Amino acid sequence: MEITNILKDKIMLAVEKLENQSVLPKDLKKNSITVEKPKDESFGELSTNVSMVLAKQADIKPRDLASYLIKILKKDQMIESAQIAGPGFINFIIYKQFWIKLIKKILEDGERFGFKNIGKGKTVNIEFVSANPTGPLHVGHTRGAIFGDTLASLLKNVGFSVTREYYINDAGTQIESLCRSVYSRYEEALGRKYNADNNEYPGDYLKKVGENLVDEFGDSLLSSDIKSNLEKIKTYTLSVMMDQIKKDLYDLGIIMDNFVSESSLYKNGKVQEAIDYLSKLNLIYKGVLEKPKGSEKLDWVEREQDLFKSTLFGDDIDRPIKKIDGNWTYFAPDIAYHYDKIKRNYHEIVDIFGADHSGYTVRMKAVVKALSSGKKDLIIKLCQLVKLYKDGIPVKMSKRAGTYVTLRDLLDEVGKDSIRFLFLMRKNDAPLDFDFNKAIEQTKDNPVFYVQYANARIYSILKRARSLGINTEKEFIAKTDLSYLSSENEILIIRKLSEWPNIIFVSASRYEPHRIAFYLYELAQLFHGLQSLGKIDHTMKFLIKDNMQVTLARVALIQSIQIVIISGLKILGVKPVDEML
RNA sequence: GGGCACGUAGCUCAGUUGGAUAGAGCGACGGACUUCUAAUCCGUAGGUCGGGGGUUCGAAUCCUCCCGUGCUCACCA
C-alpha cells in the first residue's frame with residue numbers, strides 16, 4: 001500500500017480513538033477527508049484536511065481538533081513531524097525510511113506497480129473512430145482513435161474487461177454516392193471519359209478502387225443499369241475502404257475487437273425491433289416540430305413526423321426518427337445499435353465522439369436511458385478538433401478540394417509514437433494545436449522526445465554500470481541498502497514516484513488518460529534535473545566508482561524511474577526507446 | 001435565437017470533483033559541461049483564474065446574470 005493510504009488509515013484510527021473518548025460524535029460524514037501532497041513543498045510532505053471536514057459537524061474548532069489528532073499521531077513511528085497550519089490543515093513529514101521502501105516495491109512489482117484491480121472484471125464497451133467508410137481516416141478521426149484506444153488499454157490494465165468497437169456506417173445515401181463515385185472511376189479506368197458530375201467523392205484514392213474493379217470484374221460491371229451492379233460495387237468498395245482504415249489504425253497501434261455494421265442492423269430487422277420496443281414504452285409518437293427560432297433555414301417545411309420523446313430524458317426537443325422520404329434518419333439505426341449494446345449486457349457503455357457531434361450527445365444519452373429502463377448511463381467523451389500547423393502556419397483543409405491531411409500523412413511524416421503522445425498531452429475536451437515541425441523536433445520543446453530521452457539516458461547509465469561490473473538485475477538491486485538514498489532531490493523523486501498509483505487511479509476512474517502523459521513529463525523533468533546535479537557536484541553522480549553502496553542504491557532509484565516511465569508509455573501506446581538517434 | 005463546451009502568465013496549457021501564498025512548458029533575461037547523452041540543467045521576471053453577484057470556515061472549481069470564442073440546430077452521417 002502507498003504511504004498516502006497508510007497515513008490516511010492512521011488518521012482514521014486516530015479519529016476513531018477520539019470518537020471512543022467521546023471527543024467526537026460517532027456519526028460523522030468522512031468521505032471528503034483527503035490526504036495529499038500539499039501544493040507548497042514548504043508545508044510538508046503530506047497534508048490532510050481532516051479537522052476542517054469534521055470540525056463543523058462536531059462543533060469543535062478545527063485547530064483544536066487538529067491538535068488532539070496530532071497528539072495521537074505523533075506517537076506513530078512513521079511520522080517524523082505533524083503540525084497545524086492555516087485554518088486547520090495538518091502537515092506531515094514522514095521518516096525517510098518509509099519513502100525508501102517504495103523503491104523496493106517498484107523493483108519487485110515491475111511494470112505492474114501502481115495498477116490496482118479497480119475494474120474487478122467488469123465489462124466495458126468503448127466505441128470509437130466509427131468513421132464513415134467513404135475515404136481514408138484523417139486528422140479529425142485520429143484524436144478520437146488515440147483517446148479511445150488509450151482509455152481502453154488504461155481500463156484494461158486496472159482490471160476491466162474491455163471491448164474496442166467500431167461502428168461502420170455502411171448504409172444510407174452517402175454510401176450510394178460513394179459507389180457512384182467509384183463507378184465513375186471504374187469507367188475512367190476502362191478508358192472512358194471521367195464523369196466528374198454527380199461525383200461527391202473526388203479524392204484520388206478512389207482511382208485505385210476503380211482500377212481494381214477492372215482487374216476483378218473486367219468490363220462486366222459496365223451497364224446502363226448501374227443498380228443491377230451496385231451491390232457488387234458496394235461490397236467491393238466497402239471492403240477496400242475498411243481494409244485501408246484497419247491498416248491505418250493498425251499502424252497507429254490500434255486493433256479493434258469488434259466491428260458492427262449499420263446495414264446489418266437493417267437486414268436483420270434490429271432497427272424495427274428497437275423502434276417497436278420504444279413504441280411499446282409509449283416513447284414514439286407522431287408530432288410536429290417547430291422551426292428552430294433564429295434559424296435561417298428557408299427550406300423549413302412544417303410536417304408531421306415520427307418522434308422519440310427524448311424530452312422526457314432531459315433533451316429540449318423530441319427527435320425525429322424518420323425522414324420525409326420515409327426512410328429512417330441516422331438516429332434510428334443508432335438507437336438499434338445502442339439497444340444491441342445494452343442487450344450485450346456491458347457494465348459500462350462508452351462512446352467517443354468528435355466535437356462536431358456534441359449536439360448529438362443528449363439524445364443518445366436519453367435513448368440509452370429509455371432502452372435500459374433507466375438502468376444504464378451512456379458515457380460520452382467528446383474530443384475537440386485538431387488544428388494542424390506547419391512552420392507556424394495553419395494547414396488548410398477542404399474535403400471538397402481533397403486537400404485534407406490524412407492519418408497516413410501523419411504516420412509518414414511524424415510517426416506513431418509522437419502522434420500518440422502529443423495528442424494525449426491535451427485534455428480530450430480541449431482543442432489541440434498540432435505542429436508538424438515541433439512533433440519531429442528532438443528537443444525539450446517536444447515532450448515525447450523529452451520523456452523518451454529520460455528513458456534512454458537511464459538505459460545508457462545502466463549499460464555503463466554493467467560495463468563497470470555492476471549487477472543490475474532487479475532481484476539483486478532490490479535487496480541493496482536503500483538508505484543511501486538520502487539527498488533531498490532523491491527523496492523528492494521518490495515522492496513523485498509514490499504518486500503514480502494515484503495518477504493511474506484518477507486517470508482510469510475519470511477517463512482522463514492525459515494525466516498520465518503529463519505525469520511522465522514531470523517525472524522525466526525531475527530525472528533530468530537529478531542527473532544534472534552530478535555535473536556540478538560529482539558526488540551526486542549515479543555511478544560512483546569508489547562507493548559501491550551509494551551506486552547500488554542509485555541504480556535502484558533510476559531503475560524504478562525507468563519502470564514507471566516504460567509502463568506509462570505502454571499505456572499510452574508509445575514504444576519506449578533505449579537510444580535516441 | 002436555442003443547446004453543449006470552453007475562457008487561467010505575452011503564447012500553449014495543467015490544476016486529483018471545494019482547500020493553504022494558483023502551477024508547468026515556450027518566449028524574455030542571467031548562469032552551468034575536461035559528461036553516467038549540454039538532445040540537458042539551475043535561477044530571475046511575469047496573474048484581478050473573462051467580469052459582476054451569490055453559496056461557506058474556504059471558490060479557478062458549485063449557483064446566477066453578463067461579455068467573448070468554438071461546435072451544433074428536423075428532412076446528412
Side-chain angles (χ1 to χ4, degrees), chain A residues 32 34 36-40 42-43 47 49 52-53 55-56 61-62 85-89 91 130 132 134 169 171-175 262 289-297 299-303 305 307 315-320 322-325 327 329-331 333-334 354-362 382 384-385 425-427 429-431 433 435 438 441-447 449-450 453-454 456-458 460-465 468 499 502-503 505-507 509-510 512 514-515 518 521-522 525 528-536 538 541-544 554 558 579-580:
Chain A
S32 52
T34 57
E36 53 194 7
K37 183 185 77 166
K39 276 182 184 171
D40 194 323
S42 64
F43 290 137
S47 172
N49 62 355
M52 271 118 69
V53 173
K56 199 185 179 189
K61 284 180 187 163
F89 288 99
N91 294 325
S130 295
N132 299 337
T134 53
N169 296 123
T173 50
Q174 47 152 7
I175 297 296
E262 180 188 354
L289 286 181
E290 279 177 40
K291 179 178 173 177
K293 281 174 192 167
S295 158
E296 283 163 25
K297 288 187 179 296
D299 58 346
W300 178 269
V301 185
E302 202 172 84
R303 67 178 183 92
Q305 49 191 341
L307 299 169
D315 206 348
D316 3 279
I317 54 166
D318 292 333
R319 302 294 176 175
K322 267 191 183 171
K323 297 189 241 176
I324 198 159
D325 63 6
N327 286 317
T329 62
Y330 175 74
F331 189 34
D334 230 355
D356 52 343
H357 284 59
S358 63
Y360 201 63
T361 58
V362 181
L382 289 178
Q384 274 296 337
L385 307 177
M425 272 300 275
R426 204 98 308 169
K427 201 166 49 179
D429 55 8
D433 290 342
D435 195 307
K438 274 222 170 121
E441 218 169 77
Q442 302 250 330
T443 69
K444 193 184 160 149
D445 291 2
N446 184 353
F449 166 80
Y450 187 71
Y453 183 41
R457 274 181 145 177
I458 293 172
S460 144
I461 295 163
L462 293 174
K463 201 163 104 182
R464 187 173 151 77
L468 294 172
E499 292 169 33
N502 191 45
I503 295 289
F505 176 77
V506 174
S507 306
S509 47
R510 295 179 58 168
E512 294 179 340
H514 72 278
R515 289 171 189 273
F518 278 96
Y521 185 83
E522 288 159 12
Q525 200 167 26
H528 286 306
L530 191 59
Q531 175 163 39
S532 291
L533 282 183
K535 295 190 186 305
I536 303 149
H538 284 220
K541 288 195 165 201
F542 296 120
L543 308 179
I544 299 170
R554 288 180 182 168
I558 62 173
E579 277 176 314
M580 309 309 294

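Note that the structure is a prediction, hence the values are computed from the model and not measured.
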Visitor: Sticking with atom P, work out how far B:C42 lies from B:G25, rounded to a whole angstrom.
Guide: 8 Å

Visitor: Starting at the 5' end of RNA chain B, which residue's closest nucleotide do you reach first, A:Glu262 or A:Leu530?
Guide: A:Leu530

Visitor: Return the NZ to CZ distance between A:Lys541 and A:Arg554, rounded to the nearest 0.5 Å.
Guide: 11.5 Å

Visitor: With a 3.5 Å distance limit and no angle check, can you tell me whether A:Ser507 reaches the backbone of A:Arg515 through a side-chain donor-acceptor pair?
Guide: no

Visitor: Checking base pairs now: Watson-Crick or wobble, both atom distances under 3.5 Å. What partners B:G68?
Guide: B:C6

Visitor: Which protein N or O atoms sit under 3.5 Å from an N or O of nucleotides 24-29 of chain B?
Guide:
residue: B:A24; atom: O3'; partner: A:Gln525; partner atom: NE2; Å: 3.3
residue: B:G25; atom: OP1; partner: A:Gln525; partner atom: NE2; Å: 3.1

Visitor: Look at all strands and tell whether A:Asn169 reaches a base, only sugar-phosphate, or nothing, counting heavy atoms closer than 4.0 Å.
Guide: sugar-phosphate

Visitor: Roughly how far, to the nearest 0.5 Å, is CD1 of A:Ile558 from CD of A:Gln531?
Guide: 8.5 Å

Visitor: Rounded to the nearest 0.5 Å, how far apart are CZ of A:Phe331 and CG of A:Leu307?
Guide: 10.5 Å

Visitor: Considering only atom C1', compute the distance from B:G10 to B:G46 and round it to an integer number of Å.
Guide: 9 Å

Visitor: B:A28 pairs with which nucleotide, Watson-Crick or G-U wobble, both distances below 3.5 Å?
Guide: B:U44

Visitor: What nucleic acid atoms does A:His514 come within less than 4.0 Å of, heavy atoms only: base, sugar-phosphate, or nothing?
Guide: sugar-phosphate

Visitor: Give me the distance, rounded to whole Å, that separates B:G43 from B:C4 when you measure between the C1' atoms they each carry.
Guide: 45 Å

Visitor: Please give the distance between the P atoms of B:G2 and B:U8 as a whole number of Å.
Guide: 24 Å

Visitor: With sequence neighbours excluded, what pairs up with A:Lys535 under the side chain to side chain contact (heavy atoms under 4.5 Å, CB included) test?
Guide: none

Visitor: Need one value for A:Gly534: base, sugar-phosphate or nothing, where a base atom within 4.0 Å counts as base even if backbone is also close, heavy atoms only.
Guide: base

Visitor: My understanding is that only residues two or more places apart in sequence, or in another chain, count here; which of them pass side chain to side chain contact (heavy atoms under 4.5 Å, CB included) with A:Gln525?
Guide: A:Tyr450, A:Tyr521, A:Glu522

Visitor: List in chain and number order the residues that pass side chain to side chain contact (heavy atoms under 4.5 Å, CB included) with A:Phe89, two or more places apart in sequence or in another chain; answer none if no residue qualifies.
Guide: A:Ser47, A:Asn49, A:Met52, A:Pro87, A:Asn91

Visitor: What is the pairing partner of B:G1, taking Watson-Crick or G-U wobble pairs with both distances under 3.5 Å in any strand?
Guide: B:C73

Visitor: Looking for any heavy atom pair under 4.0 Å, which part of the strands does A:Lys56 touch: base, sugar-phosphate only, or nothing?
Guide: sugar-phosphate

Visitor: So, A:Phe43 and B:A20: ring centres less than 5.5 Å apart, planes less than 30° off, yes or no?
Guide: yes

Visitor: When the C1' atoms of B:A45 and B:G23 are compared, how many Å lie between them, rounded to an integer?
Guide: 16 Å

Visitor: With nearest nucleotide decided by heavy atoms, which residue, A:Gly529 or A:Ile544, maps closer to the 5′ end of RNA chain B?
Guide: A:Ile544

Visitor: Students often get this wrong, so: under 4.0 angstrom with heavy atoms, is A:Gln442 touching a base, only sugar-phosphate, or nothing?
Guide: base

Visitor: If the sugar-phosphate is the primed atoms plus P, OP1 and OP2 and the base is the rest, what is the B/S/- string for nucleotides 2-12 of chain B, using protein heavy atoms under 4.0 Å?
Guide: -S-S------S

Visitor: For a quick check of understanding: with a heavy-atom distance under 4.0 Å over all strands, which category does A:Phe89 fall into, base, sugar-phosphate or nothing?
Guide: base

Visitor: CG/A:Asn169 to OG1/A:Thr134 distance, rounded to the nearest 0.5 angstrom?
Guide: 9.0 Å

Visitor: Closer than 3.5 angstrom, by distance alone: can the side chain of A:Ser460 be matched with the main-chain N or O of A:Ala456 as a donor-acceptor pair?
Guide: no

Visitor: Please give the distance between the C1' atoms of B:U17 and B:U21 as a whole number of Å.
Guide: 23 Å

Visitor: Give one of base, sugar-phosphate or nothing for A:Lys541, where a contact means two heavy atoms less than 4.0 Å apart.
Guide: base

Visitor: Across all strands, who's sitting opposite B:U34 as a Watson-Crick or G-U wobble pair, both distances under 3.5 Å?
Guide: none

Visitor: What distance, rounded to whole Å, do you find between the two P atoms, one in B:A39 and one in B:C33?
Guide: 14 Å

Visitor: Taking 4.0 Å as the cut-off, does a side-chain nitrogen or oxygen of A:His538 come that near to OP1 or OP2 on B:U34?
Guide: no

Visitor: Remember a base hit wins even if backbone is also touched, and classify A:Asp334 as base, sugar-phosphate or nothing at under 4.0 Å, heavy atoms.
Guide: nothing

Visitor: Using Watson-Crick or G-U wobble geometry with both distances under 3.5 Å, which nucleotide pairs with B:U21?
Guide: none

Visitor: How would you label the glycosidic angle of B:U17: syn (within 90° of 0) or anti?
Guide: syn

Visitor: For a quick check of understanding: with a heavy-atom distance under 4.0 Å over all strands, which category does A:Ala355 fall into, base, sugar-phosphate or nothing?
Guide: sugar-phosphate

Visitor: Roughly how far, to the nearest 0.5 Å, is CD1 of A:Ile458 from CZ of A:Phe542?
Guide: 7.5 Å

Visitor: Quick one: label A:Ala456 by what it contacts on the DNA or RNA (base, sugar-phosphate, nothing), any heavy atom closer than 4.0 Å.
Guide: base

Visitor: List the residues meeting ring-ring contact (aromatic ring centres under 6.0 Å, His included) with A:Phe505, not counting sequence neighbours, and say none if there are none.
Guide: none

Visitor: B:A9 and B:A28: how far apart are their C1' atoms, nearest whole angstrom?
Guide: 13 Å

